[in-house]
Structures are given as structure tokens and as C-alpha cells.
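Below is one structure; the comments refer to it alone.
The chains referred to below are lettered A, B, ... by the order of the sequence lines, with proteins before strands, and numbering in each begins at 1.
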There are 2 protein chains.
Amino acid sequence: MTEPRWLSDTEMRAWLGYRRMRRLLDLRINRDLAADAGLSEQDYDVLSILSELPDPAIRVGELSERLLWTRSGLSRHLGRMEQRGLVTREDDPDDARGTVVALTETGRGAIRGAAPGHVDSVRRHLIDRLTPAELQVLGDIAEKVLDN
Amino acid sequence: MTEPRWLSDTEMRAWLGYRRMRRLLDLRINRDLAADAGLSEQDYDVLSILSELPDPAIRVGELSERLLWTRSGLSRHLGRMEQRGLVTREDDPDDARGTVVALTETGRGAIRGAAPGHVDSVRRHLIDRLTPAELQVLGDIAEKVLDN
DNA sequence: CGAGGATCGGTTACATGTCAACTATCGGCT
DNA sequence: AGCCGATAGTTGACATGTAACCGATCCTCG
């Protein structure tokens with residue numbers, strides 16, 4: 001193996017900064033969300049997707065792709081959310097192998113109630129700390145990283 | 001509660017982009033690290049801090065602060081790493097409540113062996129995809145978010 | 001001194017994620 | 001029609017994180 005190209009100061013600062021930001025930012029926002037609405041970040045993500053859907057229900061597999069989650073993890077999480085009355089699961093009438101997930105009224109109420117506080121939290125901890133130019137670049141960076 | 005300030009397009013793009021980047025980037029880099037070196041990201045972080053220390057050992061509490069980890073989580077993790085022969089734990093001679101953690105030769109070898117591949121992985125998935133200006137801004141963003 | 005609150009690290013109970021294996025079903029091909 | 005590999009979702013075994021609590025030790029202040 002040839003000598004690797006170690007990271008320069010700027011590169012190291014960006015990498016370590018990203019790592020610490022990830023930890024602290026997620027910690028703060030999740031804490032706010034749990035305190036304000038009694039929801040985890042994962043709950044919020046699921047509810048958010050369901051509430052913005054044109055259809056009343058979505059296949060578990062498609063939901064897992066949108067969330068970038070494994071099916072098994074999602075299955076377990078949906079079980080917990082179902083028990084709390086946030087979502088329902090029913091057999092897909094079009095494909096007996098499948099299951100469709102839908103929001104309950106409780107779930108819809110939960111996301112409606114949680115959204116304002118969550119947006120405020122995201123603003124306080126991230127968005128409002130950055131300039132418009134920085135927000136633009138952050139979007140660019142994410143796009144480049146995700147572009148496989 | 002007054003009407004919240006919802007996110008603009010640019011803000012939403014930055015936020016969702018960050019979220020997706022976090023998921024995918026971590027997934028990729030952790031996968032590489034596990035495949036190349038048989039280490040988890042957490043293992044790497046611990047070994048990395050220990051290997052760059054001026055002293056031969058560090059207090060558990062200080063390690064947990066540097067890692068932004070809870071003590072209990074770190075305690076469990078150190079137990080696992082100790083069993084694998086990567087680190088040792090001994091009573092702190094200066095404070096009988098405390099424990100000091102040190103790297104074993106195995107642990108030092110593991111981090112040395114893993115570092116080149118890890119740096120390469122970080123480059124491939126993040127650093128080398130960005131321009132110097134973007135790296136600078138990413139560092140700035142992290143600094144602002146972490147401030148306070 | 002020495003009493004009592006603070007601090008340290010670990011453990012127990014629990015939450016939540018992954019991987020591999022499983023069951024049920026689908027659907028193309030003969 | 002019937003076979004058989006592919007696909008959908010769930011579950012068991014396990015890894016690994018947190019919060020609450022515990023026993024031991026430290027240290028300040030009367």
C-alpha cells in the first residue's frame with residue numbers, strides 16, 4: 001500500500017467539525033422533539049412522510065426506501081408506533097405479500113402538534129445560525145455527497 | 001402559539017440534505033471501516049483519541065467528554081474493547097474512584113492498520129467530492145453550530 | 001477532624017437498530 | 001396449470017445506546 005494522502009488542516013477541520021456537529025446537533029434537536037412532543041426523530045420522520053402523501057397509505061418497502069432504513073428496523077418501529085396508536089398496518093389489497101401503512105387521526109394530530117416546535121428547534125440549532133450563502137453551500141455539499 | 005416561520009426552499013433543501021447526507025455518509029464510511037479493519041466507527045474514535053494522547057492513559061470521564069458520549073455507554077464499549085484486547089482499564093492511582101484507560105499494543109496496531117484505509121474512505125465519500133471553498137464553509141458551519 | 005453533598009465509574013432495565021432466517025406470495029417460463 | 005427463483009414483511013438472536021440508580025471515594029466547610 002502506498003502512503004495515503006492524509007488530510008490537510010482544512011480538510012481535517014471540515015471532517016472533525018462534521019462529526020461533532022452531527023453528534024451535538026442531533027442530540028439537541030432530538031431532545032427538543034422528545035420534550036415538546038413526546039416523539040423521537042424516527043417517529044417524526046415516519047409521520048412526516050405519511051402526512052405529506054397524496055395517497056392515504058404507503059407500502060412498507062417504499063417507506064423504508066424513502067427513509068433509507070432497513071425493512072426490519074422499520075417493521076419494528078412501525079410495530080411500536082402502531083401500539084401507540086399513531087399508525088395502522090393492513091394487508092395490501094393489491095399484493096397479498098405486502099402491507100400498507102396509514103396515519104391514524106391520532107398520528108395526524110401528533111405531527112400537526114409537533115411540527116411548529118420542531119421547525120423552531122431546527123431553526124434555533126441550525127438554520128438561523130447560518131447565512132443564506134452557507135445554507136446554499138450546505139445544500140450543495142449534501143447533493144454532491146448523495147450523488148452516487 | 002403564533003404561526004411558526006416555516007422553512008424556505010433553500011432552508012428545507014439544506015436541512016433535508018443534511019439529514020440524508022448524515023444517513024448515507026455514515027453508512028458508507030462505517031461499512032468501509034468494518035470491512036477493511038474490522039472496527040466500528042466507535043472503536044476507531046476511541047483508539048484514535050488514545051493513540052494521539054501525550055499521556056499513556058486517560059480517565060474514563062475525560063474520554064467520555066471528548067467523545068460526547070454518556071459514561072455508561074462508554075463503560076460498556078470499553079468493556080467490549082477490553083475483551084478484544086484493544087485497551088486496558090486500571091484503577092487510577094491518583095483517585096481511587098477513577099479508572100484510566102490505555103491502549104494495548106494490539107490496539108495501537110489496529111489503529112495504525114486502519115488509518116490509511118479510513119482516510120481513503122473519508123476522502124472518497126466526502127472530502128474529495130468537495131471544493132476547497134466548500135470544505136472551508138463546512139468547517140465554518142460546524143463551528144457555528146457547535147458554538148455554545 | 002468529620003459529616004454530608006458531589007463526583008466517579010459501573011450495572012441493571014430498557015429502547016431500538018442490524019443481520020440472517022423464515023413464511024407467504026408473486027409471476028415468468030415451460 | 002405448475003414449478004421455482006424473486007420479493008415482501010416479520011421475527012429471533014444479538015449489538016449497542018440511554019436513563020436511573022448504586023456503592024465507593026473525594027472534598028469542602030463548620
Below the 4.0 Å mark, does [N] have OP1 or OP2 next to a side-chain nitrogen or oxygen of [X]?
X: Arg80(A); N: dT16(C); value: yes
X: Arg84(A); N: dA15(C); value: no
X: Gln42(B); N: dG17(D); value: yes

Nearest whole angstrom, please: distance from the [atom2] of [N] to the [atom1] of [X].
X: Glu41(B); N: dT16(D); atom1: CD; atom2: P; result: 12 Å
X: Glu90(B); N: dG9(C); atom1: CD; atom2: P; result: 15 Å
X: Gln83(A); N: dC14(C); atom1: CD; atom2: C1'; result: 15 Å
X: Asn30(A); N: dA15(C); atom1: CG; atom2: C1'; result: 14 Å
X: Arg31(A); N: dA19(D); atom1: CZ; atom2: C1'; result: 11 Å
X: Arg28(A); N: dT18(D); atom1: CZ; atom2: C1'; result: 19 Å
X: Asp92(B); N: dC26(D); atom1: CG; atom2: P; result: 10 Å
X: Met81(B); N: dG17(D); atom1: CE; atom2: P; result: 11 Å

Please determine if [X] and [Y] form a salt bridge, counting it only when a charged side-chain N lies under 4.0 Å from a carboxylate O.
X: Arg5(B); Y: Asp128(A); value: yes
X: Arg59(A); Y: Asp95(A); value: yes
X: Arg19(A); Y: Asp45(B); value: yes
X: Arg80(B); Y: Asp43(B); value: no

(message) Which is more 5' along DNA chain C, the nucleotide nearest Ala96(A) or the one nearest Arg97(B)? Just name the residue.
(response) Arg97(B)
(request) Just say parallel, tilted or perpendicular for the rings of His118(B) and Tyr44(B), cut-offs at 30° and 60°. (result) tilted
(request) With Glu143(A) as reference, evaluate Arg13(B), Arg129(B), Arg20(B) under the side chain to side chain donor-acceptor pair (under 3.5 Å) test and give the passing residue. (result) Arg13(B)
(message) Using the side-chain heavy atoms of Asp95(A), tell me which of these nucleotides is nearest: dG17(C), dC26(C), dG9(D).
(response) dC26(C)
(request) Give me the residues of residues 47-79 of chain A where at least one heavy atom lies under 4.0 Å from an atom of DNA chain D, by number, or none. (result) Arg59(A), Val60(A), Gly61(A), Arg71(A), Ser72(A), Ser75(A), Arg76(A)
(request) May I ask you to say what Arg89(B) touches in the nucleic acid, namely base, sugar-phosphate or nothing, with a heavy-atom cut-off under 4.0 Å? (result) sugar-phosphate
(request) May I ask you to test the Ser40(A)-His77(A) pair for a side-chain heavy-atom distance under 4.5 Å? (result) yes
